[in-house]
Amino acid sequence: MLDGLRPTPAADLDPAEALGLVLAEPVASRVDVPAFDNAAMDGYALHAADLDGPRDLRVVDDVPAGRVPAAAVAPGHAVRVMTGAPVPEGTAAVVPVERTDGGERRVRVHAPPAPGAHVRRRAEDVAAGAVVLAPGAVVTPPVVGLLHAVGRTAVRVHRRPRVVVLSTGAELAPAGAALAPGRIHDANGPMLLAAAREAGADAVLGPVVPDRPGAVRAALEPHLADADLVVTSAGVSAGAHDVVKADLAGAGVVFTRVAMQPGRPQGCGRLGERGVPVVTLPGNPVSALVSWHLFARPAVRRLLGLPDALGPVRRAVLAAPLVSPPGRRQYVRAVVAPAAEGPPAAHPGSHLLGALARSDGLVVVPEDVTALPEGAVVDVLLVRDDAS
Ligand SMILES: Nc1nc2c(c(=O)[nH]1)N[C@H]1C(S)=C(S)[C@@H](COP(=O)(O)OP(=O)(O)OC[C@H]3O[C@@H](n4cnc5c(N)ncnc54)[C@H](O)[C@@H]3O)O[C@H]1N2
Ligand code: MOO
């Protein structure tokens, strides 16, 4: 499924709205940055003839940022300038106010600056015509700043992928509702919605889908016209009411078992005329989130135009021993902590959302490894953006 995914169509967005998205055009600057020679310090612009020793100079102009000097600076004269103000023609250097007596009509320069000091030259940052960003660059806060500095109010990026999240299951009660016996709150839906948004998607959560034949297809139908990816949870294993599987198996989604724990039952495929990619995650919350990281998040990244790498993997030392089933690659929730903080509590149950929320990494235990002692060196897949 990943192989068939292309980045979303390009759209013109306000740079700040494009945060985290990938450029679909090269950006060339139409202007010089800075656009004019200007002062890097609050001080006085001096002529080249006044740089060889202490001086008493006449202050002939006072230029705050945002104004322009009236005339060039001449020998024996000084022009008071503030940081960012255009320096007058003839400026050889700016002396910071701290190296003068700070005078307003006359100024005593105690220690003259070196030629060129504290003057920011026109185009020294970006020259007009220069390509400042290439297609594929990610819009970060400094990129937003750069785009505005070169005068852009819109930038062409691959638009946010539209991800639809659906929870299925007769046991799920609406958010905030009192729970009747046997029912639970929908944790997966909001969790996957948040995960999709964290990954950069424009995600929506549909109403909970009941365990009724046809209900999953009916819930999906309105989204097939514009969704870029659909992610469902639950209803994919061997239960008598596993509606996702029952509804979608004949409609282009393949269900299978993956040799991993958690997250064994999985499905994926394409639906509708547009071939909307669908990933059907298992219902246990931990299984759902681990599967999200391994299968759905890479799809979102492809749609964004980013590499679909799983995320940073770090080597770490186990603080407690662990066991793992033979023949299944296990992803063990872990807290990546400095050694001094001691062993984190860990438990492998795939229904344990509390332990999942405390973890920031997944220890990857290969299929053929069934036990690892405390102190073993392992690979940890970092699953939180702030975990590195
Ligand atoms: N006989 C078998 N039983 C199970 C198998 C199996 O192979 N044979 N696989 C187990 C594994 S592994 C997993 S994982 C789960 C996956 O089951 P489903 O994807 O079909 O999901 P459900 O059975 O509907 O629910 C499982 C579990 O998750 C809870 N759940 C579901 N949705 C939510 C939600 N939105 N928020 C919070 N919790 C949710 C649900 O109540 C169940 O407790 O199947 C095993 N069984
Ligand atoms: O594989 Mo299930 O996903 O263990 O919980």
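Order of appearance sets the numbers: ligands from 1, and atoms from 1 within every ligand.
Looking only at side-chain heavy atoms (C-beta outward), Val150 and Val33 come within less than 4.5 Å of each other. Looking only at side-chain heavy atoms (C-beta outward), Val73 and Tyr44 stay at 4.5 Å or farther from each other. Val276 has its side chain out of reach of Leu229: every pair of non-hydrogen atoms, C-beta onward, lies at least 4.5 Å apart.
Those atoms of ligand 1 that come under 4.0 Å of a heavy atom in Ile184, given as number and element, are 37 (C), 38 (N), 39 (C), 41 (O). Close contacts between ligand 1 and Asp242 involve ligand atoms 20 (O) [criterion: under 4.0 Å to a heavy atom]. Numbered from 1 in the order shown, with element, the atoms of ligand 2 that lie under 4.0 Å from a heavy atom of Arg264 read 1 (O), 3 (O). The atoms of ligand 1 that sit less than 4.0 Å from any heavy atom of Asp186 are 34 (C), 35 (N), 36 (N). Atoms of ligand 1 lying under 4.0 Å from at least one heavy atom of Val236, given by number and element, are 18 (P), 19 (O), 20 (O). Atoms of ligand 2 lying under 4.0 Å from any heavy atom of Asn284, numbered from 1 in the order shown and given with element: 5 (O).
Under 4.0 angstrom from ligand 1, there are no non-hydrogen atoms of Val244. Contacts between Pro265 and ligand 1 below 4.0 angstrom, taking non-hydrogen atoms only, involve the side chain exclusively. Residue Lys245 does not touch ligand 1, judged by heavy-atom distances below 4.0 Å. Within the 4.0 Å heavy-atom criterion, the part of Arg328 lying near ligand 2 is the side chain and not the backbone. Counting heavy atoms closer than 4.0 Å to ligand 1, residue Leu172 contributes side-chain atoms (C-beta onward) but none from N, CA, C or O.
Summarising the geometry, atom CG belonging to Asp186 is positioned 9.5 Å from atom OG1 belonging to Thr168; distances are rounded to the nearest 0.5 Å. Rounding to the nearest 0.5 angstrom, the gap separating the CE atom in Met191 from the OG atom in Ser233 is 7.5 Å. Note that CG of Asp62 is 4.0 Å distant from CZ of Arg80, once rounded to the nearest 0.5 Å.
Nearest to atom 1 (O) of ligand 2 by heavy atom, out of Ala288, Ser237, Gly263, is Gly263. Nearest to atom 30 (N) of ligand 1 by heavy atom, out of Ala187, Gly263, Gly283, Ser287, is Gly283. The residue among Pro282, Gly182, Ser233, Gly235 with a heavy atom at the shortest distance from atom 21 (O) of ligand 1 is Gly235. Among Val243, Asn284, Val286, the residue whose heavy atom lies nearest to atom 14 (S) of ligand 1 is Asn284. When Ser167, Pro262, Ser237 are checked for heavy-atom proximity to atom 17 (O) of ligand 1, Ser237 turns out nearest.
Of the listed residues (Val236, Leu271, Val244), just one forms a side-chain contact (heavy atoms from CB on, under 4.5 Å) with Val253, and that residue is Leu271. Exactly one of Arg159, His223, Arg160 qualifies for a side-chain contact (heavy atoms from CB on, under 4.5 Å) with Asp228. That residue is Arg159. Screening Val231, Asn188, Val165 against Trp292 for a side-chain contact (heavy atoms from CB on, under 4.5 Å) leaves a single residue, Val231.
Taking Glu367 as the reference, Arg329 meet the side-chain hydrogen bond (donor to acceptor under 3.5 Å, both in side chains) condition, with sequence neighbours excluded.
For ligand 1, the polar-atom distance check against Leu281 finds no nitrogen or oxygen pair separated by under 3.5 Å. Ligand 2 has no nitrogen or oxygen under 3.5 angstrom from a nitrogen or oxygen of Met260. Of the N or O atoms in Gln261, none lie within a sub-3.5 Å distance of an N or O in ligand 2.
Residue-ligand proximity: Arg257 is placed with a non-hydrogen atom under 4.0 Å from ligand 1.
Each salt bridge (charged side-chain N to carboxylate O under 4.0 Å, His left out) pair with one or both residues in residues 272-291, not counting sequence neighbours, would appear here, but there are none.
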Go through the steps to decide whether Gln266 and Thr280 satisfy the test side chain to side chain donor-acceptor pair (under 3.5 Å), and finish with yes or no. CA-CA 6 Å; Gln266 301 285 346; Thr280 64; over 6 Å; no

